[in-house]
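Okay, so here's the structure we're looking at.
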Amino acid sequence: MTYAGFKILHPATGIENCASGFVTHSPSESVPKIAVVQSGDDLEAEWPARRSLGAVPNLIVTAGNILEVYVVRVQEDDARSSQPSADPRGSGGVMDGIRGARLELVCHYRLHGNVESMAILSVGGDDQSKRRDSIVLAFRDAKISVLEYDDAAHGLRTSSMHCFEGPEWRYLKRGRESFDRGPRVKADPLGRCGGVLLYGLQMIILKAAQAGQGLVGEDELAGVGSNVSVRVESSYIIDLRDLDMKHVKDFTFIHGYIEPVMVILQEKEPSWAGRIPWKHSTCMISAISISTALKQHPPLIWSAANLPYDAYKLVPVPPPIGGVLVICANSIHYHSQESVSCALVLNGFYVQSESSSEMLKSNFSVELDAAHAAWLSYDVAILTTKTGELLLLTLVYDGRAVQRLDLMKSKASVLTSGIATIGNSFFFLGSRLGDSLLVQYSHGSSIMTSSHAKDEGADIEGDGSSGKPLRRSSSDVLQDVASGEELSLYSTAPNSSESAQKISYAVRDSLINIGPLKDFSYGYRINADLNATGITKQSNYELVCCSGHGKNGAVCVLQQSIRPESITQVELPGCKGIWTVYHKSSRGHTTDPSKITTEDDEYHAYLIISMESRTMVLETADDLGEVTERVDYYVQGSTIAAGNLFGRRRVVQIYGRGARILDGSYMTQELNFVVQNSEPASNSDSFTVSFVSIADPYVLVKMVDGSIQLLVGDPSTCTMSVNVPPIATSNEPISACTLYHDKGPEPWLRKTSTDAWLSSGVAEAVDGNDGLYQFQGDIYCLICYVSGRLDIYEVPSFRCVYSVDNFISGKTHLVDKHIRAPSWNLLKIKNKNLEETTGQQRKEPAQSMRITELAMHRWPGQYSRPFLFAILNDGTMLCYHAYLYEGAEGANKVEDGLSPHDSVDLSGAGTSRLRNLRFLRVAIDTMTREEPSDVVSGPRMTIFTNVGGYQGFFLTGSRPAWVFVSRERLRVHPQRCDGPIVAFTNLHNVNCNHGLIYVTSQGLLKICQLPTAFSYDNYWPVQKVPLKATPHQIAYFAEKNLYPLILSVPVVKPLNQVLSSMIDQDIGYQMDRDKLTDDSHKTCTIDEFEVRIMEPEKSSGRWETRATIPMQNFEHALTLRVVTLLNTTTMENEVLLAIGTAYVQGEDVAARGRVLLYSIGKNTENPDNLVSEVYSKELKGAISALASLQGHLLIASGPKIILHKWTGAELNGVAFYDAPLHVVSMNIVKNFVLLGDIHKSIYFLNWKEQGAQLTMLSKDFGSLDCYATEFLIDGTQLSMVVSDDQKNIQIFYYAPKSPESWKGQKLLSRAEFHAGAHVMKFWRLQMSPNASDRTPASVASEKSNRFALLFCTLDGSIGCVAALDELTFRRLQTLQRKLVDAIPHVCGLNPRSFRQFHSNGKVHRPGPDNMIDCELLSEYEMMSLEEQLDIAHQIGTTRAQILLNLTDLSHGTSFL
């Protein structure tokens, strides 16, 4: 029996819903407000007055089951500061006083359900409002969750849940089981109510609580001035059938009424394209008044009939105009209660009704189906079209009525799935098909750049440069296209007020999207190491994916692990650590504070290498030359740490028994560490240094015996003195410690203290007037004791300012223990006390846990917050992100109940603690988990601020990994290519620009750089190669490292040209030639296909086109495969490229297709001609799938499968099988064939060479619309996996001896699972055996033949279905059932219901539950230690065993 695990390796990135709202802050507390600059008259004339930016709301996006909330960080253009920004995003020039803007992540959630639609329940009103907005999410079939932001927890919490599923609500469905759309939610603009359309015709009204009423939480009682989010008080149902509505297409709430008014777009009698001449004006809109107080039958206020049949969207018009826009595929209509309606015809396909008057026509032709709209001002709307153009629609309004509608073209952009205006200066283009963009817009202001040429056709594009690192971020997109020109557009309608002005745009930020992934190939990287074995071999491979659509089409190159580009390497056995240090001979008086940022470009001076018994020193000038003999460094023994002090004027080197201070190569001071009053008999070895933390001008030293000492520097003389901190006299053993330098003119931690103006840090103590030495910020010392307590002390006074008990348990939030826990924590604390009294016997393992390493760091950036990292001795890593929370005053102080050793810390004022500091735990990948057996001694974390333009830290050890910090989120990328890594440091010199050095456990020292082609601000490193065409399928030709792929480019052609070419092909079109002249002005879009052969270049990493194979007119390439065929004449194997095509000419023509065979690189006479056609044949039916079966070619042509043998000149059929309808996929293992049919599920065939026959062994009798199929191998067992149109994955098996299988005719179900996304391709890969598999040889061989299926989906996610052994499966399944109830799930969603098979109303017999959900199991690691031990005890296993199983699964499926 095969058991499986479902694991998402790369979450979804295709954004489906986006909206803006004041979620994390209210409009009144929004920070960025740029005032109008008042300056002299001469300047006034030249520069227009700046517009006020106003309050900037949050951006909320959903992608599949991912929910993210962003805050827009605006970088103002301060004319005085010449200092360049730390974050060089948004280089689109200065517009409206804004130099740049970027998106910063506030919170990120993986939900147990796909978000169908989203709305923001907003209070409306002005910038002075103190209320916050709430997020309303709708899930299938009828679940609604309302979320609000909780300051105390720094995340979203569910304020109400509404479910209309189950037996008591079944009457709402009216007997129907399947619905084409999920629930749609919209909100009233003033936040009085929300509406959700369920089951086609049921309207749920969510009534919002009025301010000061409804569900009052404790945070409201705490203070009147505190921020309250909008909440839902109650809900009721309106059955739209009672209002005589039949087919509701859309609905919305409109502005300008005392009570909420909903406009509903419905179709009275459905029509379709073939009935247009007789029935075309079938839609109408009705406005009904919603009285949330009376909850009665809503009255009809006004309505408008005779709207076109293709109307599909309503857009409410903001005040003072009011009313609603009806968007149709070929026209736009405006309606309101007061004024006369008006309309605009967009193209020649619009059918005018006889009664209506002549309508205004647009001066260009455009189709608006699948459009999205947002308002840039009260009378200008921006529309996005299906071709990715941005249009500006102006309502010409004279104060009383709308006179007419004006439409004009603006820029080209990405193909959008949604658009949201953010404040009054930004809009966000969300996209499923390309990168999503944050764009700043401005009415009538120009971007101030050097050149002033105008570029009308410049595009707002996002895909071209997403592979670039931070230094040239995606905002260069605009610069790439327009190269610094002014991006503006003039209207063609001079008499309309707004649109006569120009609107300029600047792309400020972009979010990478790799979806939709239609197909992928698994091939070698350019810099692959062919001698690698084991897990290091996995980093030889990369995924090359077909991604995007139309002009956003691209090839995405994805690598799960990083393989740095090697510059040079040397053998260096026995290395323990490496450090690079700077040296400044002197900082003269010329040093200007504004030049601080150039520190980043300063070259390193020395490289210090610590061996087991000596230390080497190298100069890092043009080349690395050893200068060990010529310098005063301590070289007789190993070095523990080295770094810079006193603003890089000195180097400090710490060795086992002392320290040296050096000025360049000369020693200026030597220190020996003082022995504390310990017994003389104590072992002298315990008095050597084990850990060092340097924070200019302090050095913290921890000894082997756990005592600590502090070296204090004097910047005026550049000397150090040894201090024993007062804390060191206490006998409590220390397990880890570190220094934290809170840098900057405004240190972050000062904001968390209540008397920030009192806490004068070291900054004032140093006199910086002479310009010699600028020291800014405060220093803190973090100490974690063996008991698990974490204390933060001020340095050098060592006054405790923050303390957390039981830090080791990894709670989700850390709060200073001197502050009364807020209400959301009280319940947990009660439960904890209960646990501790009842379960002492099982808490034993927790005693041995201790923290081995601590680090706290804040990377540069105006809004960045510190991260706190801790590594436990079992390899677990805890990550915390600091945040500010100001609780209600007076409720915080705890007067009594202080234990004796705490009262010491409170000497003086108890108020000057960091009482507003909180920490939120952040999830980090299991990839970084060490195996406890080989935890390296010494620090694992090396922090860097610039390696290849990125900042973050590197984890050394047996599982090395990069952790990049970008947008205030952690991006973890493992590095597997060299096995365990002993030491790491960054290196910046002439030959290695912002590079790195690391030493492997084999004793190789490598100097490298990060590959620049990749972008690391993604779940996996990604390189996007723009194609400007839609990629459909890709294959890999391993011999030459080539990737053939099918592309289609949409081409617009005149309709008569298309029809005449059809007549020329003589395919029975009976039509008159003279009729074609009527359609001369009509065009149609036709896809032109080609097969392009691409190759990544070895040197640059750029992708080049090596050859193209064009298809004929109306010929679509459907499939391509690299096949191995046995040439029956020469009896040799040939590797050929096989292509299957189909002629698409409408339903009147019988289907035909071609099989094409090409040889690659065999043409010796003409090496330039890479591909040459060796065979071509036309067949009946479309060639939809190809495969090679034991040297034969298997061709699926329509419903028939024919097996051919290859003679070297032609294909001859040898066997056939009749499939039911249309084969979409074929897979081969040995002589077994798996077919996937478009409607009739899967078929399992066998090929027998003796009788030359294809026989059906078994099939699935259910009906299933297959998307992808593949064989799954587990030891000796063969299973068949299939994905379908309802986003499910099913596993079948062939068991002829089982009675249920009807003597083997029927395939039996082994497992079924709802993946939540359309799986387009499976790829079978062998799982790597784990180190923990210390099992007998027989079992080991079975485990070595265990496979997993890697898959890609349409929402941009990548995952795998991995085979598991029964013991692991049973253990994890029991844990999964526990976790369903043990964890509070976001939005209150149930993971069990999400993962149940979705049959969409069809009859389905439930299959066995033999697949575990690793998405849910990953939550286990985020639980606190006590909860982990408790749950492990309940299911009869240990925490270590569960974590080992999860880590093994994670490493077994790390294929890249």
Backbone N/O of Leu103 and side chain of Asp509: donor-acceptor pair under 3.5 Å: yes

Interatomic distance, Asp1355 atom CG to Arg432 atom CZ [nearest 0.5 angstrom]: 7.0 Å

Electrostatic pair Arg73-Glu968, nearest N-O below 4.0 angstrom: no

Pairwise distance CZ(Arg865) to CG(Leu920) - rounded to 0.5 angstrom: 8.0 Å

Spatial distance of atom CG (Asn65) from atom CG (Leu1389) [nearest 0.5 Å]: 10.0 Å

Set of side-chain hydrogen bond (donor to acceptor under 3.5 Å, both in side chains) partners for Asp141, sequence neighbours left out: none

Between CG on residue Leu437 and CZ on residue Arg508, distance to nearest 0.5 Å: 13.0 Å

Full working for side chain to side chain contact (heavy atoms under 4.5 Å, CB included) between Met161 and Lys143: CA-CA 8 Å; Met161 298 185 291; Lys143 290 184 274 284; over 6 Å; no

Side chain to side chain contact (heavy atoms under 4.5 Å, CB included) between Leu390 and Leu429, worked out: CA-CA 10 Å; Leu390 295 181; Leu429 297 168; 4.2 Å; yes

Exam field: side chain Asp151 to backbone Tyr885, donor-acceptor pair closer than 3.5 Å: no

Any side-chain heavy-atom pair of Cys1387 and Leu147 under 4.5 Å: yes

Residue pair Leu376 / Leu392, side-chain heavy-atom distance below 4.5 Å: yes

His108 side chain near Ile66 side chain, heavy-atom distance below 4.5 Å: yes

N/O donor-acceptor pair under 3.5 Å between Asp150 side chain and Arg157 backbone: no

Taking every non-hydrogen atom, the tightest pair across Ile264 and Leu314: C-CD1, 4.2 Å

Leu393: which of Leu325, Leu368, Asp406, Val315 passes side-chain contact (heavy atoms from CB on, under 4.5 Å): Leu325

Partner residues of Glu116 under the side chain to side chain contact (heavy atoms under 4.5 Å, CB included) criterion, sequence neighbours left out: Arg140, Pro183

Spacing of CG belonging to Leu105 relative to CZ belonging to Arg969, to within rounding of 0.5 Å: 5.0 Å

Modelled atom types, side-chain donor and acceptor of Tyr505 and Ser410, under 3.5 Å: yes

Residues which pass side-chain hydrogen bond (donor to acceptor under 3.5 Å, both in side chains) with Lys246, listed by chain and number, not counting sequence neighbours: none

Residues, nucleotides or ligands: over 12 heavy atoms within 6.0 Å of Arg241 CZ: yes

Contact check, side chains of Leu111 and Phe139, non-hydrogen atoms, under 4.5 Å: yes

Contact summary for Gln266 and Asp244, nearest pair of heavy atoms: OE1-O, 4.0 Å

Reported CG-to-OH distance for the pair Leu156 and Tyr149, which is rounded to 0.5 angstrom: 8.0 Å

Residue pair Ile422 / Pro57: nearest heavy atoms and the distance that separates them: CG2-O, 3.6 Å

Contact check, side chains of Pro298 and Met262, non-hydrogen atoms, under 4.5 Å: no

Main-chain N/O of Ser303 paired to His335 side chain as donor or acceptor, under 3.5 Å: no

Backbone N/O of Phe22 and side chain of Asn58: donor-acceptor pair under 3.5 Å: no

Quiz: residues 184-207 side-chain donor-acceptor pairs under 3.5 angstrom, not counting sequence neighbours:
residue	atom	partner	partner atom	Å
Arg184	NH1	Lys249	O	2.6
Lys186	NZ	Asp250	OD1	2.9
Lys186	NZ	Phe251	O	2.8
Asp188	OD1	Arg192	NH2	3.3
Asp188	OD2	Leu190	N	3.4
Asp188	OD2	Arg192	N	3.2
Asp188	OD2	Arg192	NE	2.7
Asp188	OD2	Arg192	NH2	3.3
Arg192	NH1	Tyr257	O	3.2
Arg192	NH1	Ile258	O	2.5
Tyr199	OH	Phe164	O	3.0
Gln202	NE2	Leu172	O	3.3
Lys207	NZ	Glu233	OE1	3.2

Under 3.5 Å: donor-acceptor pair, side chain of Tyr312, backbone of Ala371: yes

Side chain Ser134, main chain Val230, donor-acceptor under 3.5 Å: yes

Ile15 backbone acceptor or donor facing Ser417 side chain under 3.5 Å: yes

Donor-acceptor pair, side chain of Ser431 and main chain of Leu415, under 3.5 angstrom: yes

Ala209 to Arg131 - nearest heavy-atom pair and separation: O-NH2, 4.0 Å

Where Met95 and Tyr441 come nearest, the two heavy atoms and their spacing: SD-C, 3.9 Å

Partner set under ring pair (Phe, Tyr, Trp, His ring centres under 6.0 Å) for His372, not counting sequence neighbours: none

Distance-only side-chain donor-acceptor flag, Arg918 / His154, under 3.5 Å: no

Note, Arg231 side chain near Val146 side chain (heavy atom, < 4.5 Å): no

Whether His333 side chain and Val326 backbone form a donor-acceptor pair below 3.5 Å: no

Heavy-atom check, side chain of Thr421 versus side chain of Phe426, under 4.5 Å: no

Contact check, side chains of Val261 and Gln337, non-hydrogen atoms, under 4.5 Å: no

Residue pairs, two or more places apart or on separate chains, that pass salt bridge (charged side-chain N to carboxylate O under 4.0 Å, His left out) and touch residues 413-429: none

Salt-bridge present (Arg132, Glu148; N to O < 4.0 Å): no

Closest non-hydrogen atom pair between His112 and Pro1391, with its separation: ND1-CB, 3.6 Å

